[in-house]
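First up is the structure itself, then whatever we jot down about it.
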Protein chains: 2
Amino acid sequence: MPKQLPVITPESIRCSPLMREPLSEQQSADLAKAFKALADPVRLRLLSLIASHAGGEACVCDVTDAFDLTGPTISHHLKVLREAGIIDGERRGTWVYYRVLPDMLRTLSTLLTAPEATEAEPVPAAT
Amino acid sequence: MPKQLPVITPESIRCSPLMREPLSEQQSADLAKAFKALADPVRLRLLSLIASHAGGEACVCDVTDAFDLTGPTISHHLKVLREAGIIDGERRGTWVYYRVLPDMLRTLSTLLTAPEATEAEPVPAAT
DNA sequence: GGCCTATTTAGAGGTCTGTCAATCTAGACA
DNA sequence: TGTCTAGATTGACAGACCTCTAAATAGGCC
């Protein structure tokens, strides 16, 4: 499972705590790739199945049954999550086990967090 | 700006704190819609521009210049964000002002958060 | 080696998405 | 009323995406 190169890493994104300042084009492009990996119901469910599985990892065969999809399709979605730096897979004998890489999810989570309740006042219509 | 109906709300998602348990098909479908709205570099940058703008809101004309895109395209992206329940817009005179709705972002952020460092042990190969 | 199972890769088809040009709507103002 | 500006909507097109079937790869076992 030699994680092919076009993988995004949390370090490569390195975005400020939140949207307290505008994102650069590069940042937004990298972040969009990460969010795109999450923007599919099958991948979200795959992720939750892996993350919530005993031991923090799940074999492909463990999760395939939860879907009405063919093996190759599941494999495709796992690859997308892997290339987004969200999960990683390891072959052990006949089976391949996937586990969540928490760093990327943490990075995305932080990005979406409000820095503080710094004042969400609707602005007193100061014309 | 009568927010057309197919809007997702944080309440409608109501997912458990994190992926401590598998997502249902319905939850994953709703969440995927929300993440899909974030899965575009232009929309992410729009969001950061609005969120970081003085007063927490920005007029369309404030953000359009940051892009090499036509008005209709910007308008389209704003609509996607609006229908995802991530921003809301309000017309004031000639201009339309957008602001971030923090609830949806908070919901998504929480979803991606690890419940705790509950033990990321690689499992002692307990065959 | 030969066969079987688990998973990935390759290629194709149908659908969704981002973008644009053209057009339309809403408000301001003379 | 007419006109101007700010945004939104519509329709079209190219490229990306999800899914499948068919074929390939990897490891275990006889």
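Order of the sequence lines sets the chain letters (A, B, ...), proteins ahead of strands, with each chain counted from 1. Only a predicted model underlies this, so the values are computations on that prediction, with no experimental measurement involved.
- In this structure, A/Tyr98 and A/Val60 have side chains that are in contact, with non-hydrogen atoms separated by less than 4.5 Å.
- One interatomic measurement links the two molecules: NZ of B/Lys79 to P of D/dA6, which rounds to 22 Å at whole-angstrom precision.
- Among the nucleotides C/dT7, C/dC20, C/dT9, the one closest to the side chain of B/Pro72 is C/dC20.
- When the C1' atom of C/dT7 is taken as reference, atom CZ of A/Arg82 falls 10 Å away, rounded to whole Å.
- If you measure from atom NZ of A/Lys36 to atom C1' of C/dG18, you get 10 Å, rounded to the nearest angstrom.
- Contact between the side-chain N/O atoms of A/Arg91 and the OP1/OP2 oxygens of D/dT25 is not found at any separation under 4.0 Å.
- When atom types are taken as modelled, the side chain of A/Ser52 and the backbone of A/Ser48 share a donor-acceptor pair closer than 3.5 angstrom.
- Residue B/Leu69 contributes atom CG, which lies 15 Å from atom C1' of D/dG7 at whole-angstrom precision.
- With D/dA8, C/dG18, C/dT7 as the candidates, the nucleotide lying closest to the side chain of B/Val60 is D/dA8.
- We find that CG of B/Leu78 is positioned 13 Å from P of C/dG18, with the value rounded to whole Å.
- Phosphate contact (OP1/OP2 of C/dT19, side-chain N/O of B/Thr73, threshold under 4.0 Å): absent.
- When distances run from any side-chain atom of A/His77 to the nucleotides C/dT19, D/dT19, C/dG18, the shortest one goes to D/dT19.
- Across all strands, B/Gly71 comes closer than 4.0 Å to no nucleic acid atom at all (heavy-atom distances).
- Here C/dT8 presents its P atom at 13 Å from OH of A/Tyr97, a figure rounded to the nearest Å.
- Side chain of B/Arg43 to backbone of B/Ala37: a donor-acceptor contact under 3.5 angstrom is found.
- Of the possible donor and acceptor atoms, none in the side chain of B/Ser28 sits under 3.5 Å from a partner among the backbone N and O of A/Leu44.
- In this structure, B/Asp62 places its CG atom 12 Å from C1' of D/dA6, rounding to the nearest Å.
- Here C/dA12 presents its P atom at 17 Å from NE2 of A/His76, a figure rounded to the nearest Å.
- Ion pairing of A/Arg92 with A/Glu57 is present here, as a side-chain N (NZ or NE/NH1/NH2) and a carboxylate O approach within less than 4.0 Å.
- For C/dA6, the OP1/OP2 oxygens have no side-chain nitrogen or oxygen of A/Thr94 closer than 4.0 Å.
- Taking only side-chain nitrogens and oxygens, B/Thr70 never comes nearer than 4.0 Å to OP1 or OP2 of C/dT19.
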